[in-house]
Amino acid sequence: MSVHHNSLGDCQMSFTSVSGHLFNYDFYEDKRKWWSCEPKQLFTAPILQTCSDQNKYIKNTLEREAKRCSVLIIWTDCDREGENIGFEVITVCRAANPRMNIFRAHFSEITIPSITRAFNALIQPNKKVSDAVDVRQKLDLRLGAAFTRFLTLELQKLVPNLKDMYKLVSYGSCQFPTLGFVVDRFKARENFVPQKFWSIDVHYTKDNMNACFNWKRVRVFCEQSCLAVMSKVMDSPEAVVTHINTKRRTKWRPQPMDTVTFERSVSSKLKINAKRAMTVAEKLYTSGFISYPRTETNKFPPELNLVSYCQMQTASPIWGQFAQRVLTNGPNPRNGTKSDQAHPPIHPTKYAPNLNGEEKRIYELIVRHFLATLDKDAVGYETAIEISINEELFALNGLRVEEKNYLEIYTYDKWTDKDIPQFNQNERFIPDSILMTDGQTTAPELLTEAQLIALMEKHGIGTDATHAEHIEKVKDRKYIVETPDRRLKPEGLGIGLVDGYEEIGYQMSKPHLRAALEKDLKAICDGIKNPEEVLNYQIKEYEKVFNESLRHKNKLFEVVVRKI
DNA sequence: GCAAGGTC
């Protein structure tokens, strides 16, 4: 937004917009061809900012408007990338009109109170935050280009028909850790050694119900000790009820939906991939049916008019009555604690009765989730019975769901009654049977997409907008595949790359490197570290890895080639 | 033919 006046009182304003970053870093022309230089040179080769043809129109608009205005107010998202985009706008406008006064609006959602508040409390743009993004951009470009060219070209030398199988072998600071998570789980599964265990179950039929009491020690890994307990129990097999305890239990309704929750829910509950989920969400957003789908916020801002969004849903023949009930009792959101200071949680913004297919299912999930967050937790009563047989303890748990509440709308969650017979304190009985059982521990399953996204978020790999893309990329590179039961399995090339780097002593596929960078970026934002120093340090560290890859390239690629 | 981050 630019203001055509010296003060912010009585003035004319003009609004214009950008669409993501205006500029992108790239190497100069002489280094863009893959064979133009040694990949190693890309660590130090000069780089420049380029503006795509599409973005040139936006740039022209900014320049034109800047010339007519005396004040510039930046209203980009109030997150790290948003601050950087703000500075791209500032650079363009200042070049067109050096006398401009520049301000930054700080707002966390687009509601009238929030916008008004931001306008009345304009601040200065934060260069430090923007600098941190510059460091990330430059580093990602240099590392990505250098390692990707190196890996691809070297491997092509060794495997002449590589091109038929893999169009390129890439490295990226997010791709590799994403791959690493998948490989880690695969290896945990491969290397898993099952362990035998033993347990004891007590069966007793009462009130026409077969009750199975579980051993309080759950299980032991030694057959002899289980046999010892078994013989003690059989010596005097009368059970006495030692405790009866009934407790109120609640099952919590979901928290407002952020992007990661959205992707994970769609992936696990609707069996639709995260990438596809985001594409559909994008479409629902641009059609006006849902709010902005890329958000890290899981609490509703007080200014958001939940009542009106709820009201819209009362038109539905399926969940209209539920929406009405939410309105009567609340709405009563179960807020989380995360906020990206840029967007509210994902919520429906319009009733959409005419959707079909995946759009319909995804919209329905968003609405059901939204209404569920505004309702009440489910309430149940858990009865725990404890019995003692010759001093050995066994337990039986029953559940009675008293109020389903949010579960009525959030049909993806299940919480069902478990009926058990009535018992009295000190009641004695002879069990129908006391059985020693055995089993063995089972290997962890391969990762699901939902689990992988959770890991990425936990370790700071990628952003809300990019998790799904990174997963898609490592699939596209043939580092991993999706199994028929929707689990992620590494392929030979993926395992080879991870092992190859470990072989020469670098954990390129572990999340620590990216996490360390994130920490440095935070330090730049907080003014503790200098951006140039961080950049130089990071480049040097990766250059070391690169040089070692060169020095040990035989060893590195020997491992890779063996696996493909 | 490279990255990751915006966004459509």
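Residue numbers start from 1 in every chain, and the chains themselves are labelled A, B, ... in the order their sequence lines are given, proteins ahead of strands.
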Reported NZ-to-CG distance for the pair A:Lys275 and A:Asp476, which is rounded to 0.5 angstrom: 9.5 Å
Under 3.5 Å, is there a donor-acceptor pair between the side chain of A:His552 and the main chain of A:Glu548? no
Distance test, side-chain N/O of A:Arg477 to OP1/OP2 of B:dA3, below 4.0 Å: yes
Can you tell me if the side-chain N/O atoms of A:Tyr25 get under 4.0 Å from OP1 or OP2 in B:dG5? no
For A:Asp476 and B:dA4, what is the distance between atoms CG and P respectively, to the nearest whole Å? 13 Å
Starting at atom NE2 of A:His343, determine the distance to atom C1' of B:dT7, rounded to an integer number of angstrom. 11 Å
Quick check on the 6.0 Å ring-centre criterion: do A:Phe150 and A:Phe557 meet it? yes
The correct set of residues in residues 449-466 of chain A placing a heavy atom under 4.0 Å from DNA chain B is A:Gly462, A:Thr463, A:Ala465, A:Thr466
Between A:Arg80 and A:Glu83, does a salt bridge (charged side-chain N to carboxylate O under 4.0 Å, His left out) hold up when you go through it step by step? CA-CA 5 Å; A:Arg80 219 161 65 185; A:Glu83 206 63 23; over 6 Å; no
Does B:dC2 have its OP1 or OP2 closer than 4.0 Å to a side-chain nitrogen or oxygen of A:Lys33? no
Please list, in numerical order, the residues of residues 132-139 of chain A that have a heavy atom closer than 4.0 Å to any atom of DNA chain B. A:Arg136, A:Gln137
Does A:His470 make a side-chain N or O approach to OP1 or OP2 of B:dG5 shorter than 4.0 Å? yes
The side chain of A:Leu168 is closest to which nucleotide in this list: B:dA3, B:dC2, B:dG6? B:dC2
Hey, does the side chain of A:Ser36 reach the backbone of A:Asp30 with a donor-acceptor pair shorter than 3.5 angstrom? yes
Closest listed nucleotide, where the reference is the side chain of A:Cys174 and the choices are B:dG6, B:dA4, B:dT7: B:dA4
In whole Å, what is the span from the NZ atom of A:Lys283 to the P atom of B:dC8? 15 Å
Lys/Arg-Asp/Glu bridge criterion (N-O < 4.0 Å) met for A:Arg514, A:Asp140: yes
CG/A:Asp26 to CD/A:Gln137 distance, rounded to the nearest 0.5 angstrom? 12.0 Å
Any side-chain heavy-atom pair from A:Phe87 and A:Val129 closer than 4.5 angstrom? no
Does a side-chain N or O of A:Arg294 approach OP1 or OP2 of B:dT7 to a distance below 4.0 Å, or not? yes
Enter the distance from A:Lys67:NZ to A:Asn97:CG here, rounded to the nearest 0.5 Å. 9.0 Å
